[in-house]
Engineer: 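Attaching a single structure in structure tokens format; questions to follow.
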Amino acid sequence: MDGRATRVEAALGGPRGVHWFRAPGRVNLMGDHTDYNEGFVLPVAIDRDCLIGIRPRRDGRIVVRSLDLPPEEGVVVIAADGSDEPAGIEPFWGRYVAGVVRELARCGRPPVGADAALSSTVPRGSGLSSSAALEVACAVSLSELAGLVLPPTELAAACQRAEQAATGVPCGIMDQLVSLTGRAGAALLIDCRSLEGRPVPVPPRLAILAVHSGLPRALVDSAYAERRAACEAAAAQLGLRALRDASPSDVADDPFARHVVSESRRVLDTARAISAGNIEGLGRIFAASHASLRDDYQVSTPELDALVDALVEAGAVGARLTGAGFGGCVVALVRSDDVEEVTRHAVARYRVRTGLRPTPFLCRAVDGAGRPTIADRGAD
Ligand code: GLA
């Protein structure tokens with residue numbers, strides 16, 4: 001065993017009594033800004049994860065060490081009874097942990113203390129849900145240690161509330177739910193009203209490529225809250241519980257609501273096109289999604305537009321911004337045989353046009369959170 005697990009084990013002072021868990025990041029193939037409108041999403045749990053080793057501790061404290069940060073920022077100490085207010089915790093990443101501890105306490109977790117160490121391969125601030133991976137890794141390990149058994153949807157909702165408490169952003173449930181329930185080799189078609197998920201196998205001849213734009217996400221927190229409030233107001237105006245229930249004609253004159261309604265339909269269309277191997281169809285749906293996020297929902301940037309164009313011109317089947325927008329990542333579907341060439345050409349074009357340095361992440365769809373295999377533990 002080498003790599004991350006060795007470092008985690010060393011930070012815990014040896015292997016005795018250590019429980020291991022991993023929780024993946026995600027990339028969303030289709031359906032952005034639909035989850036909090038009770039619509040559909042189609043995310044994939046990816047082969048980048050947060051690995052955590054944990055064992056009980058007797059003094060009612062939860063001490064978590066991150067091996068990805070310098071020692072002075074790398075430790076948080078939180079009361080196991082959930083009495084710490086997440087927004088008051090420093091360093092900042094400890095707010096996610098404190099949020100999880102508080103939400104689990106509210107779900108009935110006994111105040112069992114813990115020593116934990118973790119290390120993540122989900123790049124931070126990239127739009128691949130490093131915070132959801134952190135929350136879910138903490139939630140599954142802390143639950144197990146205290147004998148708390150919750151259905152995945154409840155655990156995901158607890159992690160979602162933890163994220164909201166840590167950041168103040170009224171996020172939806174997609175990231176946490178797919179980190180918990182993703183399926184290897186498949187995207188997960190989630191109905192964000194019932195929270196039911198159905199795996200949609202992605203054929204091996206299609207590769208999933210996330211590309212970070214090199215543009216840090218800006219404005220995303222305030223704009224996210226504004227968009228969500230606008231959607232809720234639009235639903236209320238129509239006398240509906242959520243925009244999920246609106247028809248295209250209900251929202252024809254409202255660009256934000258129009259995006260939500262059309263995007264949610266595109267999720268179902270994408271799932272069908274993937275299952276049918278309809279490559280041309282996928283290209284059209286991805287193009288329509290990006291245009292809708294850019295023009296109707298107004299969460300794109302010129303750089304994200306340039307990256308989507310560069311990928312399509314380089315031969316991707318389809319490309320669109322993914323996640324909240326305002327920077328971060330785009331996602332592309334690429335014929336597996338073409339991945340290297342498409343990546344090389346798209347990166348070169350984008351660099352020339354924007355002067356930014358993009359980072360490609362070829363993603364494999366993996367299972368949601370659970371116990372790591374030996375290979376998972378060794379992976380750096
Ligand atoms: C962020 C949120 C999710 C979702 C996406 C946009 O990732 O955490 O809940 O709303 O943005 O689809």
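In listed order, ligands and their atoms are each counted from 1.
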Engineer: Is it the case that ligand 1 has an N or O less than 3.5 angstrom from some N or O of Thr34?
Structural biologist: no
Engineer: Considering the options Arg161, Glu163, Gln160, which one meets the side-chain contact (heavy atoms from CB on, under 4.5 Å) requirement together with Ile173?
Structural biologist: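 Result for side-chain contact (heavy atoms from CB on, under 4.5 Å) with Ile173: Gln160.
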Engineer: Nearest protein heavy-atom contact for atom 10 (O) of ligand 1: which residue, which atom, what distance?
Structural biologist: Tyr224 OH, 2.6 Å
Engineer: For Asp35, take its heavy atoms, then give the atoms of ligand 1 lying under 4.0 Å from any of them.
Structural biologist: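 Close to Asp35: 3 (C), 4 (C), 9 (O), 10 (O).
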Engineer: Angle class for the His259/His33 ring planes (parallel below 30°, perpendicular above 60°, tilted otherwise)?
Structural biologist: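 If you compare the ring of His259 with that of His33, the planes turn out perpendicular.
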Engineer: Does an N or O anywhere in Cys171 fall below 3.5 Å from an N or O of ligand 1?
Structural biologist: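 So ligand 1 has no N or O lying under 3.5 Å from an N or O of Cys171.
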Engineer: Please check if the side chain of Arg320 supplies one atom and the backbone of Leu29 the other of a donor-acceptor pair under 3.5 Å.
Structural biologist: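 Answer holds: yes.
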Engineer: Does Glu341 have more than 12 heavy atoms from other residues, nucleotides or ligands lying within 6.0 Å of its CD?
Structural biologist: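 No.
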Engineer: Polar contacts were defined as any N/O atom of the residue lying under 3.5 Å from an N/O atom of the ligand; does this apply to Asn28 and ligand 1?
Structural biologist: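 Such a contact does not occur with ligand 1.
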Engineer: Go through ligand 1 atom by atom and flag the ones less than 4.0 Å from a non-hydrogen atom of His33.
Structural biologist: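 This gives 6 (C), 12 (O) as the contact atoms.
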Engineer: Under the criterion side chain to side chain contact (heavy atoms under 4.5 Å, CB included), I'd like the reasoning laid out for Glu90 against Arg95: C-alpha separation, chi angles, the key distance, then a yes or no.
Structural biologist: CA-CA 7 Å; Glu90 292 294 342; Arg95 297 180 185 189; 2.8 Å; yes
Engineer: Under the side-chain contact (heavy atoms from CB on, under 4.5 Å) test against Ser300, which residue among Asp305, Leu307, Val330 passes?
Structural biologist: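 For Ser300, the side-chain contact (heavy atoms from CB on, under 4.5 Å) check succeeds only for Asp305.
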Engineer: Only heavy atoms of Asp32, strictly under 4.0 Å: list the atoms of ligand 1 that pass.
Structural biologist: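 Going through ligand 1 atom by atom, the ones under 4.0 Å from Asp32 are 6 (C), 12 (O).
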Engineer: What atoms of ligand 1 come closer than 4.0 angstrom to any heavy atom of Gly172?
Structural biologist: 9 (O)
Engineer: Mark up the atoms of ligand 1 that fall under 4.0 Å of a heavy atom belonging to Asp175, in ascending order.
Structural biologist: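 Under 4.0 Å from Asp175, ligand 1 has these atoms: 1 (C), 2 (C), 3 (C), 7 (O), 8 (O).
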Engineer: When you measure from the side chain of Ser213 to the backbone N and O of Leu304, does any donor-acceptor pair fall under 3.5 Å?
Structural biologist: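 No, Ser213 side chain to Leu304 backbone: no donor-acceptor pair under 3.5 Å.
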Engineer: To the nearest 0.5 Å, how far apart are CG in Leu145 and CD1 in Ile54?
Structural biologist: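 Here the interatomic distance stands at 5.0 Å.
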Engineer: Is the shortest N/O to N/O distance between Tyr36 and ligand 1 below 3.5 Å?
Structural biologist: no
Engineer: With respect to Arg26, determine whether any N or O atom, backbone or side chain, lies less than 3.5 Å from an N or O atom of ligand 1.
Structural biologist: yes
Engineer: Please list, in number order, the atoms of ligand 1 under 4.0 Å from a heavy atom of Met174.
Structural biologist: 4 (C), 5 (C), 12 (O)
